[in-house]
Each structure stands twice: as C-alpha cells, then as structure tokens.
Amino acid sequence: MPTRTNSRKIPMQIGFLGFFSQLKVLYLDDNEMTGTIPSSVANMRGLVDLYLSKNNLEGPIPKTLSKLSYLENLRLNDNQLTGTIPVELDKLQKLEYLYLQNNGLDGAIPNELGVLNKLFRLRLHSNSLTGTMPRGVCHLRGLHLEELQADCEGVSPRMECTCCTTCF
C-alpha cells in the first residue's frame with residue numbers, strides 16, 4: 001500500500017483560482033504550513049486580512065504582497081521567514097497591523113514604512129534586524145501607532161529605538 005504524505009504547503013496557484021479573487025480573509029494560522037509564501041497570493045486583490053502566523057513558512061516575504069491594496073492586517077509572525085523587510089510594503093496604505101516578530105529577518109527596517117500612517121501595531125522583535133528605528137516610523141507614534149516592538153533591550157541590543165513601546 002503506498003504511503004501518503006500530507007503536504008501542508010500553500011498551493012502555488014492559490015492566487016490564480018477564480019473563486020479566491022473576492023476573498024476578504026485568508027486565515028491559515030497555526031496549521032504547520034511549510035514552504036514559501038507563494039507570490040500568487042498577491043492576485044487575491046480583495047484581501048483585507050492575511051493571517052499566516054505560527055507555521056513553518058520560510059524564505060523571503062514576497063514583494064508582490066504590496067499589490068494587496070486593501071490589506072489591513074498582515075500577520076506573518078512565528079515562522080522562519082528570512083531576508084529583509086521589503087520596502088514595497090510602503091504601498092499598503094490601509095495597513096493597521098503588521099506582525100513580523102519571531103522570524104529570521106535581517107537588515108535594517110525600511111524608512112519607507114514611515115508612510116503607513118494608519119499603522120496601529122508594528123511588531124518586529126525576535127528577528128536579526130539591526131540599526132536604528134527609522135525616524136519616519138518613530139513619527140507614526142504621534143499618529144495612530146500605539147504599539148511598536150523591537151529588539152532594543154539587553155547588553156548589546158541589535159536595534160536602537162527611542163520610540164518603541166516595548167523592547168525585547
């Protein structure tokens with residue numbers, strides 16, 4: 001009898017399936033998903049909420065997510081994502097929640113995130129991000145940004161942040 005393996009990958013063609021074009025919420029949290037985030041997710045142009053947290057997703061955050069112009073919630077935390085935070089995320093002008101914590105992201109936080117003036121919560125801690133929190137992001141604290149978390153505490157913090165609400 002052949003053995004069957006249960007592949008828990010997000011299908012690469014997910015964004016090309018017609019019935020997903022009007023989808024508002026894609027909730028795949030805590031499903032032991034593996035592999036990369038398919039760039040075709042960006043074809044789901046009506047998405048408001050994209051929840052892919054608490055899986056085993058790896059690889060970079062697709063730059064094509066910037067095409068999701070209605071997106072308000074982007075939760076990619078608690079995965080194994082690597083690479084830098086795409087500057088293209090600055091196109092997500094309706095974004096209120098950006099959760100990227102507990103991944104393997106590195107490099108500097110893009111100053112371009114400072115244009116996301118509807119951002120309410122930004123969680124970046126428990127990555128390998130370095131440098132100084134961009135001035136534009138700190139400026140958001142005077143607008144709607146109520147929660148800003150980064151790795152800015154400890155003996156040798158990776159991040160310098162004078163505007164964070166919580167340092168790890």
Side-chain angles (χ1 to χ4, degrees), residues 10-31 33 35-105 107-127 129 133-150 161 163-166 168:
I10 301 171
M12 297 303 280
Q13 65 275 21
I14 191 167
F16 298 113
L17 303 175
F19 54 88
F20 280 131
S21 63
Q22 299 302 315
L23 194 66
K24 302 285 184 217
V25 178
L26 182 59
Y27 188 92
L28 296 174
D29 276 6
D30 207 7
N31 274 297
M33 304 291 287
T36 60
I37 301 170
S39 58
S40 66
V41 169
N43 293 332
M44 302 166 79
R45 300 287 171 106
L47 273 183
V48 175
D49 301 306
L50 179 56
Y51 297 92
L52 299 175
S53 301
K54 299 179 185 170
N55 285 294
N56 294 306
L57 299 171
E58 56 190 24
I61 298 170
K63 295 176 182 179
T64 55
L65 293 182
S66 65
K67 295 178 182 177
L68 299 173
S69 59
Y70 294 104
L71 204 61
E72 295 176 4
N73 292 294
L74 179 56
R75 301 187 189 207
L76 304 177
N77 55 289
D78 297 287
N79 281 293
Q80 298 167 21
L81 300 173
T82 55
T84 59
I85 299 172
V87 297
E88 292 81 0
L89 294 183
D90 70 342
K91 307 236 182 332
L92 300 176
Q93 292 296 305
K94 295 183 185 241
L95 201 61
E96 296 176 6
Y97 299 89
L98 180 56
Y99 291 4
L100 301 177
Q101 75 270 21
N102 296 313
N103 279 294
L105 301 172
I109 296 168
N111 190 49
E112 290 82 356
L113 294 184
V115 302
L116 300 176
N117 58 19
K118 294 189 187 244
L119 208 54
F120 185 68
R121 291 200 170 121
L122 177 58
R123 296 181 180 171
L124 302 170
H125 64 86
S126 303
N127 280 292
L129 299 167
M133 185 64 66
R135 191 176 283 174
V137 174
C138 285
H139 175 72
L140 294 175
R141 290 275 298 123
L143 299 173
H144 297 290
L145 189 62
E146 288 192 6
E147 181 181 284
L148 176 56
Q149 299 179 353
C161 183
C163 60
C164 285
T165 58
T166 307
F168 290 83

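Keep in mind that this is a model prediction, so the values were computed, not measured.
With rounding to the nearest 0.5 Å, the separation of CG in L95 from CG in D90 is 11.0 Å. Atom CD of residue Q80 and atom CG of residue N102 lie 11.5 Å apart, to the nearest 0.5 angstrom. One distance of note links OG of S53 with CG of D78; it measures 6.5 Å at 0.5 Å rounding. Distance check, rounded to the nearest 0.5 Å: CD of Q93 to OH of Y70 gives 14.0 Å. Here the straight-line distance linking atom CG of L89 with atom CD of E112 works out to 10.0 Å at 0.5 Å rounding.
At least one cation-pi condition fails for R75 and Y51: the charged atom is not both under 6.0 angstrom from the six-membered ring centre and inside a 45 degree cone around its axis. Y97 does not carry R121 over the face of its six-membered ring by the limits of under 6.0 Å from the centre and within 45° of the normal.
Here the closest non-hydrogen pair linking L81 and I61 is CD1-CG1, 4.1 Å. A pairwise comparison of heavy atoms in C164 and M133 identifies SG-CE, 3.9 Å as the closest pair. Smallest separation of non-hydrogen atoms from L68 and V41: CD2-O, 3.8 Å. The two atoms that bring L28 and N55 nearest to each other are O-ND2, 2.9 Å, heavy atoms only. The nearest pair of heavy atoms linking L129 to L124 is CD1-O, 3.7 Å. Contact detail for K63 and P86: the closest heavy-atom pair is CG-CB, 4.1 Å.
Looking at N103, its side chain does come within 3.5 Å of a backbone N or O of N79 through a donor-acceptor pair. Looking at T64, its side chain does come within 3.5 Å of a backbone N or O of S39 through a donor-acceptor pair.
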Starting from the C-alpha separation in whole Å, work towards a yes-or-no answer on disulfide bond (SG atoms under 2.5 Å apart) for C161 and C138. CA-CA 8 Å; C161 183; C138 285; 4.9 Å; no
